[in-house]
Protein chains: 2
Amino acid sequence: MNGADRLCDTLLVNDVDVCFANPGTSEMHFVAALDRKPQMRCVLGLFEGVVTGAADGYARMADKPAATLLHCGPGMANALANMHNARRAWTPMINVVGDHATYHLKHDAPLTSDIESLARPMSHFVRRIATPEDVGPAIGEAYAASLSLPGVTTVILPADCAWGSVEPAELSATKVPALKTVDAAAIRDVAAALRKHGSRAALMMSGLSLRARPMEMAARICAATGAQMFGQMSNGRIERGAGRVALPKVFYPVDMALAQLKDIDLLILIGAQAPVGFFAYPGKPGPLTHEGCTITTLAKPGDNLPGTIAALADELGATLTAPAYIAPKREDASALPTGTLDADKVCTIVAKLLPENSIICDESVSSGRVFYQQCHNAPQHDYIQLTGGAIGEGIPLCVGAAVACPDRKVIGMQADGSGMYTVQGLWTQARENLDVITVIFANRTYQILHGEMRAVGVNDFGRNAKLMLNLDEPALDWVSMAKGMGVEAGRATTAEEFTRLFEAALGRKGPFLIEAVI
Amino acid sequence: MNGADRLCDTLLVNDVDVCFANPGTSEMHFVAALDRKPQMRCVLGLFEGVVTGAADGYARMADKPAATLLHCGPGMANALANMHNARRAWTPMINVVGDHATYHLKHDAPLTSDIESLARPMSHFVRRIATPEDVGPAIGEAYAASLSLPGVTTVILPADCAWGSVEPAELSATKVPALKTVDAAAIRDVAAALRKHGSRAALMMSGLSLRARPMEMAARICAATGAQMFGQMSNGRIERGAGRVALPKVFYPVDMALAQLKDIDLLILIGAQAPVGFFAYPGKPGPLTHEGCTITTLAKPGDNLPGTIAALADELGATLTAPAYIAPKREDASALPTGTLDADKVCTIVAKLLPENSIICDESVSSGRVFYQQCHNAPQHDYIQLTGGAIGEGIPLCVGAAVACPDRKVIGMQADGSGMYTVQGLWTQARENLDVITVIFANRTYQILHGEMRAVGVNDFGRNAKLMLNLDEPALDWVSMAKGMGVEAGRATTAEEFTRLFEAALGRKGPFLIEAVI
């Protein structure tokens, strides 16, 4: 057996059994080894951004990493933007990047590049494999590192380490360090501070604290102490819907976020970062909390976040307190919107028709501003979204979520400009017959940038600004593009048409795309 | 005026008047400044790989750099693969990457990343702007650096340096260091060595030495000394066709390349790298020359390559010698191919119908193997091709070449798998009404990898290998995809259909795509 076989076996012994791939010549032995492992599910992406975006969506829903197969430095470069999003979602991921044979690097052949320099900004663990026998340890370390931060790991696989021989060996699962427990004294200090600050305190949560149970426990803490609760602006995954916590998130517009947090004097971070503006604006502050606000990090992403919240509730005697923030079931008295379609109507219709146990992948950017709020009272569902601001993750997220959860409906809320970055992902949806409805908000513009231009004082756009901000000439025809990649599609220009298409898509399996012209 | 205005003015005073752009929020002041400069041509790409691939194609044909506008680290990450190709083509390029305001970086907002680490592997010049007044010097330095290596430069523009005030100033063009002249002693030594080795010597050329005049001068040297002449395996641009040098290039398959170079005892590099295998293969050598071959670097890409060749010819008394290698005009006695279409027939038809003064952008990968040879005798044209092996450059190259040369027909020879990486470039062809014919070799597979799998000894493909190497389920429908992006298209399954579509496309202006089903 060779190093590539060892690689596959090490993944499989750790229950990593999905590989999103875009292979090249330097990975042929890896492909051949995967071909000898029918228990490994290999999913092809026609562009590397699809591969890592799918791996991100998969791990968010499967709670375990997928492997990726990428080709040399430039192939990994194409994958970096969605590695960045995964990094910001604290998603476990094992990227395997093929490289030239170790002895070939010195020749500086055309595809040679500094892979480490490219990988490090988007990976907390980067490791170049040295020999065929080093493949197993390297992949094991990457697996453990992907789960213990958690986050994105990158392993560089020289071709000769893949094709070189290794001794057969009995493999066992890699030991993963347990999540760190937060110190009891810190719990006591935070409990005391929460008691003191009452409604002027808030919990800021992200990562695994946004699953239904820890969120409910946090909501008991809020009920007991009067504290408020927020999610980060963007998060890897939130379990939500009627009967669960209706989690307020920090707003994107700086002025709204400042107003939202203006009365908070104590902010407790649980797996979250301190809230700051997504961008800086002339004359506006970076931090979204006021200058006198005390920010305390109770637990970081690598810590046991649910355990921390439970311990805090216990310290506060709140484990049985009725939780605050619980969303009631929606009342469906109001009819669905009608008439000319707009972004808000699309959101309303999807929220009202949302099926139980669905998965929403949200890259709606400016068009979906009312959607999150509207889904508080929808049937229970998972909400995963763009985290790192690197647009082009929505379509691949749907791929990964659908691979992880084949029995659940996946709904992509997709801005058109962003969707174009990784439009190739539609083909993978067709190839794998994934149960995904993609809703395209076809406003035919980088709408968010129109707002940002106004924010910098430009209201009259000239030719060059229009050329760079509008996608209207020619209009993108998403129905044809989807058809070209094997995905059935329809176009809606009225709310009635949208409702009809969306209901039809809910009633069938497999990928479907709706171009909502707004 | 602000830093962004200064940026535009510094570009324009240096005659950099095309900006390929994919903007985001941190670049709004740059967009607003471009909007105040109607003399700057702004071309939108719907994905950053389109932007840098187009900038590469533009500069190869315009012989001056374009600027690009990219959004933060992840946006630049999407652009890196084609920066890599540009780097391998020694293409001048000025990438302007927007970043957070200097004082905002410490907050680690979601889009924050280590841009320098990402940029350096694909840029020989990376510079972060420090203040608004630093914008002008930084862009000037980048301009000079892009032309003096030549190559890819990256300037990081923090938002506050774009929006901060600068004093009005009278700008003048940046001084660019002259190309280096090769030492006369080196010329004499090489001349003597060429005389001594006769037909066992060869010139290996790339970069600016592959323009018609220096190639013809090199062919005089070959005629005078008996030396052979080769181009690198891949090159930025070759001026070719009947009456010009029919330049042999180093073959891609290792065994063929080894045979091609087996009798060469002296290899003189003129702007070229020593020939090595594109990849390493078990049991095969990396260098393509034999172990006893002497490799001498006469001139590097930053040197005056045409001047070096002229000086060498002068030293050899060959400036008036009748050149070797000149391609005769093709004889058009043979009819065009007919019947079921295959890759070779597509190449033959395009080569036979090629119009005078056209520009070929070649990313045909395995399908175009006969094409280069067939075009030796075609009417005079420019040939630009994928250089760094990072597929997904063909469609953007066409965009850039057509922007640089609006009066010339651009023909993209495009493999289907590779074309999918930056398929979004078709929209820019439509938006700008560029005169481009894209020929898609629709073999519905990563054909080159089938060969590479056999090269590693795998002949029977299982399910996983087929899943990763074939694009047939579902088949990509290029006609629909092109239509979806506003490009007219047709499909050919016979040689007659292909000829009819290609002739029709030659007879009109504007973008057209032909899906050649092979």
Side-chain angles (χ1 to χ4, degrees), chain A residues 21 23 25-26 28-29 31-32 34-35 42 44 46-47 73-74 77-78 80-81 84 88 100-101 104 107 109-111 113-114 117-118 120-121 159 163 234 276 278-280 282 286 388-390 420-421 424 430-431 452-453 456 458 462-465 467-468 473-474 477 480-481 483-484 486, chain B residues 21 23 25-26 28-29 31-32 34-35 38 42 44 46-47 73-74 77-78 80-81 84 88 100-101 104 107 109-111 113-114 117-118 120-121 159 163 234 276 278-280 282 286 388-390 420-421 424 430-431 452-453 456 458 462 464-465 467-468 473-474 477 480-481 483-484 486:
Chain A
T25 296
S26 43
M28 287 297 95
H29 291 83
V31 169
L34 288 165
D35 205 28
C42 296
L44 177 62
L46 298 188
F47 174 72
N78 285 332
L80 286 169
H84 173 85
R88 293 295 186 184
H100 288 302
H104 200 67
H107 299 307
L111 265 169
S113 67
D114 182 348
S117 183
L118 295 169
R120 276 196 202 101
W163 77 52
S234 298
V276 297
F278 207 94
F279 294 103
M420 282 304 290
Y421 285 67
Q424 306 91 341
R431 151 75 65 114
E452 301 286 359
M453 281 291 274
V456 305
V458 180
R463 175 174 160 75
N464 271 340
L467 278 174
M468 287 187 280
E473 287 173 12
D477 167 359
S480 290
M481 284 192 287
K483 177 171 176 283
Chain B
T25 296
S26 42
M28 287 297 94
H29 290 83
V31 170
L34 288 166
D35 205 27
C42 296
L44 177 64
L46 298 187
F47 175 72
N78 285 333
L80 286 170
H84 173 84
R88 293 296 186 184
H100 289 301
H104 200 68
H107 298 307
L111 265 170
S113 67
D114 183 348
S117 183
L118 296 169
R120 277 195 202 103
W163 77 53
S234 298
V276 297
F278 206 94
F279 294 103
M420 282 304 289
Y421 284 68
Q424 306 91 340
R431 152 75 66 114
E452 301 287 357
M453 281 292 274
V456 305
V458 180
N464 271 341
L467 279 174
M468 286 186 281
E473 288 173 11
D477 168 359
S480 290
M481 284 192 288
K483 176 170 175 284

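Keep in mind that what you see is a predicted model, and the values were worked out from it rather than measured.
Top candidate by heavy-atom pairs under 4.5 Å with chain A, chosen from B:Gly73, B:Pro38, B:Pro282, is B:Pro282. Of the residues considered (B:Gly388, B:Ser113, B:Ala32, B:Ser26), B:Gly388 shows the highest number of contacts with chain A, using heavy-atom pairs under 4.5 Å. Heavy-atom pairs under 4.5 Å with chain B were tallied for A:Met420, A:Met28, A:His29; the largest tally goes to A:Met28. Contacts with chain B were tallied for A:Gly486, A:Ala390, A:Ala465, A:Ala81; A:Ala465 has the most, counting heavy-atom pairs under 4.5 Å. Most heavy-atom pairs under 4.5 Å with chain B: of the set A:Gly462, A:Ala280, A:Gly389, this distinction falls to A:Ala280. Note: B:Ala77 leads B:Ala77, B:Ser234, B:Ala430, B:Ala101 in heavy-atom pairs under 4.5 Å with chain A. In terms of non-hydrogen atom pairs under 4.5 Å with chain A, the most contact-rich of B:Leu44, B:Val31, B:Thr25 is B:Thr25.
Using cut-offs of 30° and 60° on the angle between ring planes, the pair A:His100 and B:Phe279 is tilted.
Of the atoms belonging to A:Arg463, it is backbone heavy atoms, and not side-chain ones, that fall under 4.5 Å from chain B. At a 4.5 Å heavy-atom cutoff, the contact between B:Pro23 and chain A is made by backbone and side-chain atoms alike. Heavy-atom distances place the side chain of B:His84, and not its backbone, under 4.5 Å from chain A. With a 4.5 Å cut-off on non-hydrogen atoms, A:Ala159 does not touch chain B at all.
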(message) Evaluate B:Ser480 against A:Ser480 for side chain to side chain donor-acceptor pair (under 3.5 Å), listing each step before the verdict.
(response) CA-CA 5 Å; B:Ser480 290; A:Ser480 290; 5.6 Å; no
(request) Report the C-alpha distance between B:Leu467 and A:Arg431 in whole Å, list the side-chain angles of each, state the deciding distance to 0.1 Å, and finish with yes or no for side chain to side chain contact (heavy atoms under 4.5 Å, CB included). (result) CA-CA 9 Å; B:Leu467 279 174; A:Arg431 151 75 65 114; 3.2 Å; yes
(request) Show your reasoning for whether side chain to side chain contact (heavy atoms under 4.5 Å, CB included) applies to B:Arg120 and A:Asp114. (result) CA-CA 9 Å; B:Arg120 277 195 202 103; A:Asp114 182 348; over 6 Å; no
(request) Apply side chain to side chain contact (heavy atoms under 4.5 Å, CB included) to B:Gln424 and A:Gln424, showing your working. (result) CA-CA 10 Å; B:Gln424 306 91 340; A:Gln424 306 91 341; 3.6 Å; yes
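Minimum heavy-atom separation, B:Leu118 to A:Leu80: CD2-CD1, 3.7 Å. Annotation for B:Met468 and A:Ala21: closest pair SD-CB, 3.5 Å, computed over non-hydrogen atoms. Scanning all heavy atoms of the two residues, the minimum distance from A:Phe278 to B:Ala109 falls at O-CB, 3.7 Å. Closest of all the heavy-atom pairs between A:Met481 and B:Gly484 is CG-CA, 3.8 Å. Between A:Tyr421 and B:Asn78 the shortest heavy-atom distance is CD2-ND2, 4.0 Å. Of all non-hydrogen atoms in A:Asp35 and B:Asn464, the two that sit nearest each other are OD1-N, 3.3 Å.
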